[in-house]
Protein chains: 2
Amino acid sequence: MSSARSRILDTATRLFYAEGIHTVGVDRVIAEATVAKATFYHHFKSKEDLVLAYLTTEYERQKVLLGGAPGTGVERIEAILAKLAEVSVGPGFRGCPFLNAAAEYADPDHPVRHVVDDYRSWYRDLMRDSLKASDRPNADQKADLLLLVRDGIAVAGGLGDKDAVQAGVRTALAAV
Amino acid sequence: MSSARSRILDTATRLFYAEGIHTVGVDRVIAEATVAKATFYHHFKSKEDLVLAYLTTEYERQKVLLGGAPGTGVERIEAILAKLAEVSVGPGFRGCPFLNAAAEYADPDHPVRHVVDDYRSWYRDLMRDSLKASDRPNADQKADLLLLVRDGIAVAGGLGDKDAVQAGVRTALAAV
DNA sequence: ACGGTACCAGACAGATCTGTCTACTGTAAG
DNA sequence: CTTACAGTAGACAGATCTGTCTGGTACCGT
């Protein structure tokens, strides 16, 4: 991975997450990453290409972060929930990057939406498998709930609603 | 309310909700509402003004719709949840207009975000008051949860995830 | 009859956004 | 040494977006 490419991607990740995708132009990314315009279009064939790189990279990051959480059963879910609760009330939290992106891309067939769908499927499966590993009944339905509560925590945290975040965590823990 | 103004607002409501705020330009609204550009700027001093009108009108609509739900206690919450569950898996549902708008306006001090905050506060209070009217304990905490689950249902429904919506409704009903 | 107001049609300015292009520099491999 | 490539700087085209302005029509209350 070349230095310029990662500088572009890091800058895009920071700006897209903090300010939104449509509000941040490629000129802004180029300026803050201190690369030439030609260099940008050498590494990414379009802005959409950069957006997809941003989301898929984030997806991979989450896989490493959450998949690598301690334990394999409900203790893993608890660890993930603890982490989620912590970051979602922390400074700089602006919601889930996938949900925010989905809100900006209304067409469900858009490639961006496919990444979002993939992420949510993966998360649901992670929950379901963890529940099954601890022999919990109704793993599928509980996984659906844990996904929905995760969405709610991300939204509430992004809006600065700490009370709702706590209520969500309590409910999720009670369900596992 | 003049005919042109309501035509503009109706068109904006339809387009902003279905396609997002930043992706829809005023030219598009003007064309589909079949009004002159001068007429648009006669009624709304800027695009932001139109966006705020869209959201505050939606807020008022929700107040009438949900506040007018049958009953005053938990039966009102149940009626609201039933309605939410129904529309959120229906065609044309694209999530909560307030949450979608918040995702597009990253600055928490932006007027758009204030409307979103107002809506969520109102919804939480409606839940809390309904719980108290039925003498349910821990009304505040349960209201937080109902708000978070509402967020989750709106998100999941907007992404076409019917399973998660159902899981959310079950959990909310169990909590009241 | 008249003045105000709501409306239509569309040109226009100015900013901004994406993407292309030219021209040049440094560097590492063959 | 030279060829290929990653990089810099910045002009440029073409589209799009917001907001203003001109000019004209129709209705409504006084």
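Because the structure is predicted, anything quoted here is derived from the model rather than measured. Here is how names work: the chains are called A, B, and so on, in the same order as the sequence lines, proteins then strands, and each is numbered from 1.
- In this structure, A/F40 atom CZ and D/dA6 atom P are separated by 17 Å, rounded to whole Å.
- The number of heavy atoms from other shown groups lying within 6.0 Å of CD (A/Q166) does not exceed 12.
- Residue A/K45 contributes atom NZ, which lies 9 Å from atom P of C/dG19 at whole-angstrom precision.
- We find that CZ of A/R28 is positioned 16 Å from C1' of C/dT18, with the value rounded to whole Å.
- Side-chain N/O atoms of B/H43 include one lying less than 4.0 angstrom from OP1 or OP2 on C/dC7.
- The shortest distance between side-chain heavy atoms of A/E86 and A/F93 does not fall below 4.5 Å.
- Dashed line: the shortest gap from a side-chain N or O of A/T39 to OP1 or OP2 of D/dT8 is under 4.0 Å.
- In this structure, A/F44 atom CZ and C/dC17 atom C1' are separated by 18 Å, rounded to whole Å.
- Between A/H22 and C/dC17 there is no side-chain N or O to OP1 or OP2 distance below 4.0 Å.
- Whole-Å rounding puts the A/E48 CD to C/dC17 P distance at 18 Å.
- As rounded to whole Å, 15 Å separates atom P of C/dA15 from atom CG of A/D27.
- In this structure, the nucleotide among D/dT8, C/dG19, D/dG7 sitting nearest to the side chain of A/K47 is C/dG19.
- Comparing A/T23 and A/A38 by the nucleotide of DNA chain C that holds the closest heavy atom to each, the one mapping nearer the 5' end is A/T23.
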What are the atom names and distances for every N/O pair under 3.5 Å that joins the protein to nucleotides 3-5 of chain D?
none

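- At the phosphate of D/dA6, neither OP1 nor OP2 sits under 4.0 Å from any side-chain N or O atom of A/R7.
- The six-membered or imidazole ring of A/H22 lies near that of A/Y105, with a centre-to-centre distance under 6.0 Å.
- Side-chain to base pairing of A/K37 with C/dG19: one donor and one acceptor N or O lie within less than 3.5 Å of each other.
- Counting to the nearest Å, the P atom of C/dC17 and the CD1 atom of A/I30 are 11 Å from each other.
- Atoms OH (B/Y41) and P (D/dT22) sit 17 Å apart, rounded to a whole Å.
- Between A/R7 and A/D10 no salt bridge is recorded (no basic side-chain N to carboxylate O distance below 4.0 Å).
- Taking CG from B/L148 and OG1 from A/T171, the interatomic distance works out to 7.5 Å, rounded to the nearest 0.5 Å.
- Between A/D117 and A/R120, none of the side-chain N atoms (NZ, or NE/NH1/NH2) sits under 4.0 Å from a carboxylate O, so this pair counts as no salt bridge.
- With respect to the salt-bridge test (charged N to carboxylate O, under 4.0 angstrom), the residues B/R124 and B/D140 do not qualify.
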